[in-house]
Amino acid sequence: LLSNAVTSKYCVKSFDAEQAFCNALPEFDTYLSIPPGRPMKRDDEGNPMGYKLHRQTYGVPNGPRRWHICMHNWLMRYNDANPNKPQWVQSILEPCMYHLRGAQHDERVDICVFVDDVIAAFPDTDDGKRTYSDFVEAFKRDYKLQDDGYTDCTEFTGMNLEWNADRTTLRIDQPGSVHGILDRYNFSDSKPSFIPAISKHLVSDLDSPAEGPEGDEDRKFMADKPYRQACGDLIWISRVHRYDLIYAVNACTRVAHNPGPKHWEAICKILRYLNHTKDYALEYRADGTGGVKGYSDSDWAPNYGTYYDNYRSTSGEIITVNDHAVLWKSKRQQLVAQNSCEAEYYSAADASKDLIFVDRIMQSLSNNKQKHDVPTLYVDNQSAIHTAQNAQDNEKQRHIDMRAHVLRDNVSRKEISLCFIPGVDNPADNQTKPLGDTKFRQFRDRHHLVARTDKDNTHVRAQPMYH
């Protein structure tokens, strides 16, 4: 949504429904004990009584789901109440995304709902503003907002969104989360690190405390170390905007069940790097080109770990839209690949599914349905590309898991196209292994994860739209 808004130079607004959950009806009967300080009431038999909820409330497990149903039903009622105005359609790809479409080209609004927060994008034209205004005013008649609904989106779900003066560049970062992590673990004044992991050094459970008395010293050292908490904090920012951390963080989480001193050193290395790059932000630029692209890579069978996880390769991918990084992953493969071709094939198969998903999302957001280029997946293994493009009876490939052949099916149906990229130019390499400083910085900067510079002082917060 943000990538399309930057490319199309859309207005981006956000609003928050006040006490949203209390507008929804409970799915089942819910009772609360009488809180302290309130008079206790009893029935005729002397049993203590409680409160029965007639409306949903915060703290109930299915509260977000009930509010989502409530808002979905309101959007459908909006269509019935305004048959001659643009109509809402729920995305079949992402149930939390809705599209408002009218007869005119610019009568369009796209919203994404996250619990009780809503972010909306629409054309910066009279038709676009009027379409959005009609929707917001109707929504405010039924639900109370914490603002007027016309405020430029500068924060959403912990992300800080900052535009430059002419709205051609958007910076996405999480300064509150980043500085909070550094303060929580006392790394705000730490010695800087230029990479998040030591090159060619793999984090494994071979360094976990041994069973029995031999590991007592390591377990004692880790007793007061908030290892799992640090992993959880780092996972959040690595998935939102810091794709440079995704491999190092995931490698540490794999041993979170039994971490040792060397694993804590790996976490400290990440925190030192985070302190060095705390001002880095992911930039989306309006001049980006290239459409939807994907990069896939695999680190074949690193020889480390125990017999349980040994020889399983690591898959890495990064999906971009007009050079905007929108999706990235790094994860251990579920199956043991017997050669590098098979490992790359498994990685490309997973990446192809994400690539098609992103491509279809961008089609639903596009205002030009006639023009659509087939997304390209870049793979740095020629054998994996030939395997996907040429179905043949090969003894070395008969055992490949059926789920992986979705890659061959996607290529044959022209859902995607495969293209070779040299390994030294493949940015997904950053998601599969710890790299050295030079190569790591090359891939980190490839999709505009950059530090703030003097010219970034031109970033301003736009004024609310008139209504």
Side-chain angles (χ1 to χ4, degrees), residues 194-202 243-248 250-251 288-303 313-333 337-356 358-359 373-390 394 396-397 400 404 407-408 410-411 414-450:
F194 299 97
I195 51 178
I198 301 176
S199 176
K200 298 181 180 180
H201 177 77
L202 301 175
Y243 58 78
D244 56 332
L245 298 176
I246 191 70
Y247 170 79
N250 281 8
T289 59
V292 181
K293 295 180 180 178
Y295 300 88
S296 168
D297 194 21
S298 174
D299 184 24
W300 178 56
N303 188 13
S313 305
T314 299
S315 295
E317 67 180 73
I318 183 167
I319 310 297
T320 66
V321 179
N322 295 326
D323 288 334
H324 307 157
V326 296
L327 189 152
W328 50 87
K329 286 183 180 179
S330 175
K331 65 177 183 178
R332 185 74 59 82
Q333 293 181 0
Q338 297 187 7
N339 50 63
S340 60
C341 170
E342 188 177 337
E344 296 279 0
Y345 193 79
Y346 288 151
S347 178
D350 289 337
S352 70
K353 294 181 287 186
D354 293 328
L355 182 64
I356 291 175
V358 172
D359 180 59
D373 297 326
V374 176
T376 302
L377 178 62
Y378 291 90
V379 182
D380 61 5
N381 188 286
Q382 293 277 20
S383 298
I385 295 176
H386 293 319
T387 300
Q389 293 175 338
N390 302 287
N394 190 324
K396 295 181 180 180
Q397 299 174 2
I400 291 181
L407 175 63
R408 181 178 295 169
N410 290 333
V411 171
K414 300 188 184 303
E415 293 278 357
I416 65 171
S417 62
L418 294 180
C419 186
F420 175 75
I421 184 174
V424 294
D425 297 326
N426 190 357
D429 198 28
N430 236 5
Q431 275 74 42
T432 62
K433 62 180 74 70
L435 302 177
D437 181 30
T438 302
K439 199 171 183 181
F440 175 83
R441 285 190 289 115
Q442 172 191 343
F443 291 147
R444 181 192 63 195
D445 301 342
R446 175 78 171 269
H447 296 111
H448 313 301
L449 183 60
V450 294

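What you see below is based on every heavy atom in this structure, not just the backbone, and it leaves out hydrogens, waters and symmetry mates. Owing to the predicted nature of the structure, the values given are computational and were not obtained by experimental measurement.
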Polar side chain donor-acceptor pair, S315 to Q333, under 3.5 angstrom: yes

Of all the heavy-atom pairs spanning A384 and E344, show the shortest one and how long it is. CB-CB, 4.0 Å

Is any side-chain heavy atom of N381 closer than 4.5 Å to one of S340? yes

L327 and E317: CA distance, side-chain angles, deciding distance, side-chain contact (heavy atoms from CB on, under 4.5 Å) verdict: CA-CA 8 Å; L327 189 152; E317 67 180 73; 3.5 Å; yes

So CZ of F443 and CG of L449: to nearest 0.5 Å the spacing works out to 14.5 Å

Donor-acceptor contact present, side-chain N322 to main-chain G291, <3.5 Å: yes

With a 4.5 Å heavy-atom cut-off, do T438 and Q442 have their side chains touching? no

Under the 3.5 angstrom rule, does the side chain of N339 hit a backbone N or O of C341 as a donor-acceptor pair? yes

Using 0.5 Å steps for rounding, measure from the CG atom of D244 to the CZ atom of F440. 4.5 Å

What's the verdict on side-chain contact (heavy atoms from CB on, under 4.5 Å) for T314 and K433, showing C-alpha distance, side-chain angles and the deciding distance? CA-CA 8 Å; T314 299; K433 62 180 74 70; over 6 Å; no

For S417, run the side chain to side chain contact (heavy atoms under 4.5 Å, CB included) check against T376, L377, V411 and tell me which one passes. T376

May I ask you to say whether K329 pairs ionically with D350, meaning some side-chain N is under 4.0 Å from a carboxylate O? no

The reported gap from CH2 in W328 to CG in D354 (rounded to nearest 0.5 angstrom) is 12.5 Å

Provide the closest heavy-atom pair for S296 versus N426 in the form atom of the first, atom of the second, distance. O-ND2, 2.9 Å

Does D323 use its side chain to pair, donor to acceptor, with the backbone of H447 at less than 3.5 Å? no

Using modelled atom types only, decide if a donor and an acceptor are shared between the side chain of S347 and the backbone of A343 within a distance under 3.5 Å. no

Got R408 and T387 here, is their nearest side-chain heavy-atom distance under 4.5 Å? yes

Working to the nearest 0.5 angstrom, can you tell me the gap between D359 CG and S352 OG? 12.0 Å

Any donor-acceptor pair under 3.5 Å linking the side chain of R446 with the backbone of D425? yes

Short question: side chain of Q431, backbone of D297 - any donor-acceptor pair under 3.5 Å? no

Given the rule in the side-chain contact (heavy atoms from CB on, under 4.5 Å) test, do L407 and Y345 qualify, once you have shown the distances and angles that lead to the verdict? CA-CA 8 Å; L407 175 63; Y345 193 79; 3.8 Å; yes

Minimum-distance pair of heavy atoms, taken over all atoms of V379 and A348: CG2-CB, 4.1 Å

Rounded to the nearest 0.5 angstrom, the CD1-OH distance for I318 and Y243 is 5.5 Å

Kindly compute the distance separating CZ (R444) from CG (L435), expressed to the nearest 0.5 Å. 12.0 Å

Using side-chain contact (heavy atoms from CB on, under 4.5 Å), reason through T320 and Y295 one step at a time and then give a plain yes or no. CA-CA 8 Å; T320 66; Y295 300 88; 4.2 Å; yes

What residue among T432, D299, I246, N430 forms side chain to side chain contact (heavy atoms under 4.5 Å, CB included) with S330? I246

